[in-house]
Student: 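The structure is given below, and queries will be raised subsequently.
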Amino acid sequence: MQKIKKVCIYCASSDKIDEKYFEATRELARALVKNNTTVVYGGGARGLMGTLADTVIEEKGRIIGIMPHFMKEVEFHHKDVNEFIFTADMHERKKQFMVGVDALITLPGGCGTFEELMEAITLKRLGIFTKPIIILNLDGYYDPLLNMLDNAIEEGFLSENHRPIWTVFTDPGKVLEAIQQSAPWSKDAIKFAQV
Ligand code: AMP
């Protein structure tokens, strides 16, 4: 079994969400720390980002925040994260999220999380990023987005060949299994990037 040393997690900055999302985030964080997996995330102190960092720190795991300087200036950053990378802008931050990770994991989130996920799917389609992209579809939160992706395939905007770009799972405690079960992908994807 391939060792999962480092993953990046995209997730919500909002606090105004149901407790079930926080609980799922804690469970996923615990599973990663137990596996000695380093977590990379957006560096926030609130919402699922804050809970993710709090749990990894509590469990004595390793977490790295990546955030643009302007967010630090408005005190968005988590004060107890041991390692931080501050970037010039949002574009550089998204680029940094993908460096050296074994997988990207998307938890429920808002427009920022959608944007991060869609950029990752686009780069993987082009063979620029090749690692597993995992979506936690907790209680059907991502059903509309997954339906949109299905619709894009059905209507010819993506091809059936692109479907293995993302892997959907529903049990936060089974995140490592979801990564292992993700279909292999290579840089040659550029050869079938076009529909
Ligand atoms: P969202 O899924 O819309 O909550 O977006 C999460 C993303 O929004 C983060 O990765 C950031 O790009 C940005 N963001 C918005 N508010 C914050 C915050 N308070 N702290 C950190 N990042 C934030």
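Remember, predicted model here, so these are calculated numbers, not experimental data. Basis for what follows: all heavy atoms, side chains included, without hydrogens, waters or symmetry-related copies. Both ligands and their constituent atoms are indexed starting at 1 by order of listing.
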Student: Within the 4.0 Å heavy-atom shell around Gly109, which atoms of ligand 1 are there?
Tutor: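 Reading through ligand 1 atom by atom, the close ones are 2 (O).
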Student: How far is atom 15 (C) of ligand 1 from the closest protein heavy atom, and which atom is that?
Tutor: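 Ranking protein heavy atoms by distance from atom 15 (C) of ligand 1, first comes Ser13 OG, 3.5 Å.
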Student: Looking at non-hydrogen atoms alone, which of Met49, Met90, Arg46, Glu116 comes nearest to atom 21 (C) of ligand 1?
Tutor: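 It is Met49 whose heavy atom sits nearest to atom 21 (C) of ligand 1.
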Student: Looking only at heavy atoms of Met67, does any of them come nearer than 4.0 Å to an atom of ligand 1?
Tutor: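 Met67 counts as a contact of ligand 1 under the 4.0 Å cut-off.
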Student: Under 6.0 Å from the ring centre and within 45 degrees of the ring axis: does the NZ or CZ of Lys124 meet both conditions for the six-membered ring of Phe129?
Tutor: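 Output no; distance or angle outside limits.
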Student: Do me a favour and list the nearest non-hydrogen protein atom to atom 18 (C) of ligand 1 with residue, atom name and distance?
Tutor: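 Going by distance alone, atom 18 (C) of ligand 1 is nearest to Phe76 CD2, 3.3 Å.
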Student: Is Arg46 paired with Asp15 through a side-chain N to carboxylate O contact shorter than 4.0 Å?
Tutor: yes
Student: Could a heavy atom of Cys11 be found less than 4.0 Å from some atom of ligand 1?
Tutor: yes
Student: With heavy-atom distances below 4.0 Å as the criterion, list the atoms of ligand 1 near Cys111.
Tutor: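 By the 4.0 Å cutoff, the relevant atoms are 3 (O).
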Student: Under 4.0 Å from a heavy atom of Gly44: which atoms of ligand 1 are those, numbered in the order shown and with their elements?
Tutor: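 Contacts of ligand 1 toward Gly44, numbered from 1: 20 (N), 21 (C).
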Student: Are Leu123 and Phe157 in one and the same hydrophobic cluster, where Ile, Leu, Val, Met, Phe, Trp and Tyr link if side-chain heavy atoms are under 4.5 Å apart?
Tutor: no
Student: Do any N/O atoms on Gly112 end up under 3.5 angstrom from N/O atoms on ligand 1?
Tutor: yes
Student: Less than 4.0 angstrom from a charged side-chain N to a carboxylate O is my criterion; do Glu115 and Lys94 meet it?
Tutor: yes
Student: In terms of residue, atom name and distance, what is the protein heavy atom nearest to atom 2 (O) of ligand 1?
Tutor: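 Here the nearest protein heavy atom works out to Thr113 OG1, 2.5 Å.
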Student: Is any side-chain N of the basic residue among Arg30 and Glu27 closer than 4.0 Å to the acidic one's carboxylate O?
Tutor: no
Student: For Thr51, is there any backbone N or O sitting under 3.5 Å from a side-chain donor or acceptor partner on Arg26?
Tutor: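 Looks like no, no N/O pair under 3.5 Å.
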Student: Near Arg93, which atoms of ligand 1 are under 4.0 Å from a heavy atom of that residue?
Tutor: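 Within the 4.0 Å cut-off of Arg93, ligand 1 contributes 9 (C), 10 (O), 11 (C), 12 (O), 22 (N).
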Student: Looking at Asn35 and Thr37, would you say the former's side chain and the latter's main chain have a donor-acceptor pair under 3.5 Å?
Tutor: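 Checking the backbone N and O of Thr37 against the side chain of Asn35, no donor-acceptor pair under 3.5 Å is found.
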Student: Could you tell me if the ring centre of Trp185 sits under 6.0 Å from that of Phe192?
Tutor: yes
Student: In ligand 1, which numbered atoms sit nearer than 4.0 Å to a non-hydrogen atom of Ala12?
Tutor: 2 (O), 4 (O)
Student: Tell me, which protein residue and heavy-atom name are nearest atom 14 (N) of ligand 1, and how many Å apart are they?
Tutor: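 The closest heavy atom on the protein side is Met71 CE, 3.9 Å.
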Student: Sort out for me which residue in Ser14, Ser13, Cys11 forms a side-chain contact (heavy atoms from CB on, under 4.5 Å) with Leu48.
Tutor: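 Option passing the side-chain contact (heavy atoms from CB on, under 4.5 Å) with Leu48: Cys11.
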